[in-house]
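What you are looking at is a predicted structure, and each value in this text was computed from that prediction instead of being measured.
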Amino acid sequence: MRPIQVFDDKMEGSKAIARHIAHLVKRRREEHKPVVLGLATGSTPIGVYEELVRIHKNEGLSFEHVITFNLDEYYPMRPSSQQSYSWFMHHHLFNHIDVPAQNIHIPDGALAKNHIPAFCRGYEAAIKNAGGIDLQLLGIGRTGHIGFNEPPVSADSITRLVSLHPITIEDAARNFGGISFTPTEAITMGISTIMQAREIVIAGWGPNKAAIIKKAIEANIDEQIPASYLQTHASVKWVLDKEAAAELSEMTEHADA
Ligand code: F6R
């Protein structure tokens with residue numbers, strides 16, 4: 001995949017990402033090796049997961065050797081709640097593929113607050129023990145957040161409890177029936193956790209993301225634009241639809257070119 005790929009619509013972009021992930025999963029299977037995927041939630045990856053489920057069902061791609069680590073979870077949040085990222089992942093992906101339950105890792109939003117620091121240290125250790133993340137899938141928030149790393153955020157941040165930005169709370173409120181019911185905190189991988197992934201694929205769809213995507217790609221690296229840290233990663237791909245890419249001034253290669 002090229003560093004910035006622009007597709008006509010999010011369906012095409014999602015399929016390209018799914019094919020890329022499927023290729024990695026298949027290659028590792030042939031090598032009899034595990035593969036570690038870092039996964040995102042939200043509206044952005046839904047089409048990617050749909051296509052991965054289709055590839056599993058129609059083309060027999062197995063996920064038995066796949067280990068997953070999700071980026072984040074709201075806090076407080078019961079995993080069984082329909083608003084949890086745990087529920088989201090099972091609903092959109094895990095319930096439909098053959099990934100072993102013990103290979104799935106999602107931050108636990110139901111912990112007592114005083115247990116969170118030890119949990120976060122354990123999450124970092126589990127990623128390392130699994131061999132590190134091979135491919136991290138990301139979306140981007142309107143604040144420029146990746147995971148729930150809201151601005152300002154430092155490059156050396158790791159998995160921890162964070163406060164959500166008011167814009168992020170406003171964006172999430174539609175899934176919670178109003179701002180007063182929306183969590184204000186989350187457990188998230190840090191910028192350093194994300195940057196240690198060997199490969200990063202970040203997707204963005206629609207006009208609401210165009211302004212922040214331009215900043216993340218074209219502005220100087222800045223703690224006020226968390227996704228700008230990705231500029232220093234050796235293997236990052238932006239997968240965008242035309243609307244999300246609309247404000248980029250650099251010439252980007254069209255996916256069909
Ligand atoms: C989700 C996550 C967030 C989202 C971002 C975009 O696990 O970490 O960074 O990727 O908020 O959300 P959507 O895709 O709903 O626009």
Side-chain angles (χ1 to χ4, degrees), residues 1-21 24 37-48 71-72 133-157 162 164-168 170-172 188-257:
M1 293 182 106
R2 296 184 215 107
I4 303 176
Q5 282 200 314
V6 182
F7 290 82
D8 282 339
D9 57 51
K10 67 176 175 187
M11 280 276 292
E12 291 308 311
S14 299
K15 282 184 187 163
I17 295 172
R19 276 197 301 274
H20 184 71
I21 295 173
L24 172 65
L37 301 180
L39 298 177
T41 56
S43 60
T44 305
I46 289 177
V48 175
L71 281 166
D72 43 21
I133 293 171
D134 290 301
L135 185 150
Q136 175 67 56
L137 181 60
L138 297 176
I140 180 169
R142 285 196 297 141
T143 60
H145 72 212
I146 48 177
F148 274 137
N149 294 284
E150 304 285 17
V153 65
S154 77
D156 57 11
S157 52
V162 295
L164 299 176
H165 191 284
I167 293 178
T168 301
E170 188 187 311
D171 284 348
T188 183
M189 285 185 196
I191 295 292
S192 167
T193 325
I194 292 169
M195 291 292 282
Q196 284 174 47
R198 284 183 271 281
E199 180 183 3
I200 294 176
V201 176
I202 178 161
W205 323 128
N208 287 347
K209 301 287 174 75
I212 192 64
I213 287 171
K214 178 185 175 64
K215 283 190 195 163
I217 295 175
E218 296 181 2
N220 290 336
I221 297 169
D222 186 340
E223 62 177 15
Q224 295 296 340
I225 312 167
S228 68
Y229 287 117
L230 298 174
Q231 292 175 25
T232 63
H233 194 277
S235 178
V236 60
K237 283 109 185 159
W238 286 84
V239 181
L240 309 173
D241 65 7
K242 279 182 179 162
E243 293 172 328
E247 293 189 28
L248 293 179
S249 48
E250 285 172 8
M251 266 308 290
T252 56
E253 289 180 81
H254 192 274
D256 300 333

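- No more than 12 heavy atoms of other residues, nucleotides or ligands shown are found within 6.0 angstrom of NZ on K10.
- Within the 4.5 Å cutoff, side-chain heavy atoms of K209 are placed close to those of T44.
- In this structure a side-chain-to-backbone donor-acceptor pair under 3.5 Å is missing from D134 to L37.
- Side-chain atoms of S228 come within 3.5 Å of backbone N or O of D222 as a donor-acceptor pair.
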Side chain to side chain contact (heavy atoms under 4.5 Å, CB included) assessment of E218 paired with L248:
CA-CA 8 Å; E218 296 181 2; L248 293 179; 3.7 Å; yes
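- Shortest non-hydrogen contact noted between W205 and S14 is CZ2-OG, 3.5 Å.
- The heavy-atom pair separating I140 from A227 by the smallest distance is CD1-CB, 3.6 Å.
- Remark: side-chain polar atoms of K214 are paired, donor with acceptor, to backbone N or O of E247 under 3.5 angstrom.
- Put simply, the side chain of N149 gets close to the backbone of M189: a donor and an acceptor are under 3.5 Å apart.
- Scanning both residues, L240 and I4, for their nearest heavy atoms gives CD1-CG2, 4.1 Å.
- The closest donor-acceptor contact from the side chain of H233 to the backbone of A197 lies under 3.5 Å.
- Of all heavy-atom pairs spanning G206 and E243, the tightest one is CA-OE1, 3.5 Å.
- The two residues V6 and A245 make their nearest non-hydrogen contact at CG2-CB, 3.8 Å.
- Under the side chain to side chain contact (heavy atoms under 4.5 Å, CB included) rule, V201 has a single partner from I21, V48, I17, which is I17.
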Please evaluate residues D72 and T41 with respect to the criterion side chain to side chain contact (heavy atoms under 4.5 Å, CB included), reporting the C-alpha separation (whole Å), side-chain torsions for both, the decisive distance (0.1 Å), and the verdict.
CA-CA 8 Å; D72 43 21; T41 56; 4.1 Å; yes
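- Using a 4.5 Å cut-off on side-chain heavy atoms (C-beta onward), P226 and I191 make contact.
- Checked by atom type, the side-chain pair H20/E199 shows a donor-acceptor distance below 3.5 Å.
- The closest donor-acceptor contact from the side chain of Y229 to the backbone of V153 lies under 3.5 Å.
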Determine, stepwise, if the pair K242 / D8 fulfils side chain to side chain contact (heavy atoms under 4.5 Å, CB included).
CA-CA 6 Å; K242 279 182 179 162; D8 282 339; 3.0 Å; yes
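- Summarising the geometry of V236 relative to L230, their closest heavy-atom pair is CG1-O, 3.6 Å, with the distance given to 0.1 Å.
- Using a 4.5 Å heavy-atom cutoff, the side chains of M195 and T232 are in contact.
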Test side chain to side chain contact (heavy atoms under 4.5 Å, CB included) on H165 and F148 and set out the steps.
CA-CA 9 Å; H165 191 284; F148 274 137; over 6 Å; no
